[in-house]
Amino acid sequence: MPQKCLFDELRRWARPVVLCVVMFAYVVVMSLGVNLLSRNITSAEGGRDAEGPGEGRAAVARTLRNIMHDLNNETTQPDDPHLIQIIRENFLEPASTQPYFLVLQMDPSDGQAKIVDQFFKHKRNGVFVECGGYDGEFLSNTVFLERFRGWTGLLIEPEPANFKQLRSKNRKAIISNSCLSVKSHPSEFILKQETYVSEIFDPININWSKLLRNFQNIDYQQVQCFPLYSFLLATNLTSVDYFSLDVEGQELNVLKTVPWSRVDIKVVSVEYRHVVEGKDAVTAYLAEQGYQSYVDVPDSFGHPSDTVFVRKDLLPTTNTE
């Protein structure tokens, strides 16, 4: 009897210890699995080619990954000529010359396109940059300007499935399956994709135990990111009429990478509702860069969401005398 009691007592104390070990092992295995999964997804196309006549493409993909591994650090300047060439040759696709393949009519945005159109007095042939581009149509802040005002520019979308849809829309703008870096140099991030909401995380500081909750309904993969300034140089779009920024919480960090004195960006719309520091922090930072809050834009449900900012020198001056 004493031996049985002792055994029961040991089993009672051992159970939580075993559970902790199992949970720790789960987190480690899942984190490794996410990393391997993302690498497999990134190289899947190249891997398929390696099995057949396209082995050269797989080799090119591996070489590019090695090059980016060397460039993804703080010593790489955003205007590094080698970096700009790499972006041009490997991360940009030209504007489509095919007919549009769109479903929605007129303006699918929550009102940003109308505000920008009115501010520029229905300007023709303007230039935009939109990130994230999602599928190139649903809630797009730029497709109206492109279709009905002849604008063009750059669409950035990191999530591969979304980018595939974006490509199929035949937008008349340069497109890129990558993301905006929250650092002033190229970097690789973990992309969290849930339904149509994407979010990026720095793999160095990532909290896997928190991130992997509800893993069954969420996709993770590694994505290559570049500073906005690098994109502007690579596309020769150093003068931009409208910059639409919606990256699910990293907006302020992206804005802080921009060398504002070296670019010409007239109007910026920012989705602020997921920014940890809040709307006031975004407004204060852009005010320091010479921008003024122009109008707030609620989402489709009437919830506070975006603010459109205009560079102060473009606003009419008020005579107080």
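Under a 4.0 Å N-O distance rule, the pair Asp117/Arg149 qualifies as a salt bridge. Look at Asp306 and Arg273 and you find no salt bridge, because none of the NZ, NE, NH1 or NH2 atoms lies under 4.0 Å from a carboxylate O. Salt-bridge formation is detected for the pair Arg171/Glu146: a Lys NZ or Arg NE/NH1/NH2 atom is positioned less than 4.0 Å from an Asp or Glu carboxylate oxygen. A salt bridge links Lys279 to Asp296: at least one charged side-chain nitrogen sits closer than 4.0 Å to a carboxylate oxygen.
Note on Leu92: it does not cluster hydrophobically with Val60, by side-chain heavy-atom contacts below 4.5 Å among ILVMFWY residues. Residues Leu180 and Leu71 fall within the same hydrophobic cluster, defined by Ile, Leu, Val, Met, Phe, Trp and Tyr side chains chained together at heavy-atom separations under 4.5 Å. Ile265 and Leu154 end up in the same hydrophobic cluster when Ile, Leu, Val, Met, Phe, Trp and Tyr side chains are linked at under 4.5 Å.
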Using the side chain to side chain contact (heavy atoms under 4.5 Å, CB included) rule, take Phe226 and Leu83 through it: C-alpha gap first, then chi angles, then the decisive distance, then the call. CA-CA 9 Å; Phe226 301 98; Leu83 172 64; 3.7 Å; yes
Side chain to side chain donor-acceptor pair (under 3.5 Å) between Asp264 and Ser239, intermediate numbers included: CA-CA 5 Å; Asp264 174 20; Ser239 182; 2.9 Å; yes
Assess the residue pair Gln112 and Ser269 against the criterion (side chain to side chain donor-acceptor pair (under 3.5 Å)); give the C-alpha distance rounded to whole Å, side-chain angles, the decisive distance to 0.1 Å, and a yes or no. CA-CA 7 Å; Gln112 294 90 334; Ser269 69; 5.5 Å; no
Trace of the side chain to side chain contact (heavy atoms under 4.5 Å, CB included) decision for Ile156 with Glu130: CA-CA 6 Å; Ile156 303 171; Glu130 183 170 17; over 6 Å; no
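For a disulfide, the SG atoms of both cysteines must be under 2.5 angstrom apart; this fails for Cys179 and Cys131.
Looking only at atom types and distance, the side chain of His185 has no donor-acceptor partner in the side chain of Glu74 under 3.5 Å away. A donor atom on one side chain and an acceptor atom on the other are not found under 3.5 Å apart for Asn72 and Ser187. Checking Asp80 against Gln77 by side-chain atom types alone, no donor-acceptor pair falls below 3.5 Å. Between the side chains of Asn141 and Ser244, at least one donor N or O sits under 3.5 Å from an acceptor N or O.
Heavy-atom neighbours of Phe101 CZ from other residues, nucleotides or ligands within 6.0 Å: at or below the threshold of 12.
Residues Glu251 and Tyr272 are not in side-chain contact: their nearest non-hydrogen atoms beyond the backbone lie 4.5 Å or more apart.
Stacking of Lys172 on the aromatic ring of Tyr100 is recorded, both the 6.0 Å distance cut-off and the 45° axial limit being met.
Taking both residues in full, the closest heavy atoms of Asp79 and Arg262 are given as OD2-NH2, 3.0 Å, listed atom of the first, atom of the second, then distance.
Between Trp151 and Phe144, the gap from one ring centroid to the other reaches at least 6.0 Å.
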